[in-house]
Amino acid sequence: MRIILLGAPGSGKGTQAQRLQKDLGLPQISTGDLLRKAAVSGSEFGLQAKMAMDAGELVSNSVVLEMMKERLSACDVGSGYVLDGFPRNQIQAEGLDTVLSDLGQTLDAAVFMDVSHEVLMKRLTGRRTCSKTGKLMNIHFSSQQDLDECIEAGGTLIRRDDDNEDTIRNRLEVYERETEPLITYYRKCRLLQVVDAHTRAAASQNIEVRLVALPGFGFDVDTPEDLRQVHQYPRARQTASFLDSIGFVGRYPRLDRDVGSDLVAIG
Ligand code: AMP
């Protein structure tokens, strides 16, 4: 499965991409992470990227497209991935279409994570990482106990360089101008799925319901290779019973075949 997560800065793309990586075995590809790594390396390209990131601007399309062309052609992402933070404008979306067509691949969905402006601001201005444990927290939403634990362990709450108010305002403006039009782009391609992402739990549940209903998610289990693939989706069983519990109607994996000692979800 090849999935794009679309959404404003702070909409939770990174969190959901990590969850999908853990639950569905789909590698997360985050352009923000790749660029931050380059910035730390101190290379000339990295330093240029850091300047754009610190100002809340986009790194140049040619650099990002070159980086992604290489990443998407690597063998560990041959059977799918979740794109987090890419594409961010129409040129990148068209560039992605070209890379995919050269590789003979297609996208399964572009999931737009819908969150109000007010919640985005709180998430972005309050975001902190514990210097000791690396735990991600938020001064507006995390429990006092979690925040105290970091301090008591001798850590400090670190704010990302681009999470200050000026940069945040600019990042949101850049998002509205450059990235938001991609909602229309992917709607026209019939790939758009809009999910309410105001809380982490709602986002997780809503994304799962949408993905599971996609044609690419189901399996016919007839060969050992099919069976191997199913085992990459350890949560398929849980998902099917969750969908049953909410009375979901549509295409989804069902538990209706027993293979050896393993129950297998069949699309
Ligand atoms: P993120 O971690 O996705 O919030 O991205 C952090 C910063 O990295 C952004 O504000 C941009 O400066 C840069 N960035 C990330 N992805 C892209 C992209 N696809 N195109 C250009 N710049 C990007």
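In what follows, residues are counted from 1 in the order of the sequence shown. Just so it is clear, the values below take in all heavy atoms, side chains as well, and ignore hydrogens, waters and symmetry mates.
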J.: At their closest point, which heavy atom of R171 faces which heavy atom of G56, and how far apart are they?
T.: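 Here R171 and G56 meet closest at CG-CA, 3.5 Å.
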J.: Do V59 and M67 come within less than 4.5 Å of each other through their side chains, counting heavy atoms only?
T.: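 Sidechains of M67 and V59: no contact.
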J.: Among K13, Q21, Q28, exactly one meets side chain to side chain donor-acceptor pair (under 3.5 Å) together with D84. Which residue is that?
T.: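 Looking at K13, Q21, Q28, the match for D84 under the side chain to side chain donor-acceptor pair (under 3.5 Å) is Q28.
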J.: For the pair Q92 and V64, evaluate side-chain contact (heavy atoms from CB on, under 4.5 Å) and give the outcome as yes or no after the intermediate values.
T.: CA-CA 8 Å; Q92 293 185 8; V64 171; 3.9 Å; yes
J.: So with a 6.0 Å cut-off around CD of E70, is the heavy-atom count from everything else above 12?
T.: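 At most 12 heavy atoms, drawn from other residues, nucleotides or ligands, come within 6.0 Å of this atom.
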J.: Counting N and O atoms only, with roles assigned by atom type, does the side chain of T167 sit under 3.5 Å from a partner on the main chain of D163, one being a donor and the other an acceptor?
T.: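 No, because the side chain of T167 does not come within donor-acceptor range (under 3.5 Å) of the backbone of D163.
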J.: Could you tell me whether R200 atom CZ has more than 12 heavy atoms of other residues or ligands within 6.0 Å of it?
T.: no
J.: For the residue pair D108 and M1, what are the closest heavy atoms and their distance?
T.: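 Closest approach of D108 to M1: OD2-CA, 3.1 Å.
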J.: For the pair L157 and M137, evaluate side-chain contact (heavy atoms from CB on, under 4.5 Å) and give the outcome as yes or no after the intermediate values.
T.: CA-CA 8 Å; L157 294 170; M137 282 176 276; 3.7 Å; yes
J.: Which pair of non-hydrogen atoms, one from R88 and one from G85, has the smallest distance, and what is that distance?
T.: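 Residues R88 and G85, closest heavy atoms: NH1-O, 3.0 Å.
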J.: Please walk me through it: do D196 and H198 pass side chain to side chain donor-acceptor pair (under 3.5 Å)?
T.: CA-CA 6 Å; D196 181 334; H198 278 87; 3.0 Å; yes
J.: Is any NZ, NE, NH1 or NH2 atom of the basic residue among K132 and E149 found under 4.0 Å from an Asp or Glu carboxylate oxygen of the other?
T.: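 Answer for the salt bridge query: no.
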J.: Measure the shortest side-chain to side-chain distance between Y81 and L20 over non-hydrogen atoms and say whether it is less than 4.5 angstrom.
T.: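 They are not in side-chain contact.
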J.: Inspect the contact between K50 and D161 and indicate whether a charged nitrogen and a carboxylate oxygen are less than 4.0 angstrom apart.
T.: yes
J.: Is it the case that the side chain of R19 and the backbone of S204 share a donor-acceptor pair, with hydrogens and angles ignored and the cut-off at 3.5 Å?
T.: yes
J.: Please lay out, stage by stage, how D146 and K135 fare under the test salt bridge (charged side-chain N to carboxylate O under 4.0 Å, His left out).
T.: CA-CA 9 Å; D146 272 354; K135 188 170 174 182; 3.4 Å; yes
J.: Out of curiosity, does L5 fall in the hydrophobic cluster containing L58 (side-chain heavy atoms, cut-off under 4.5 Å, transitive links)?
T.: no
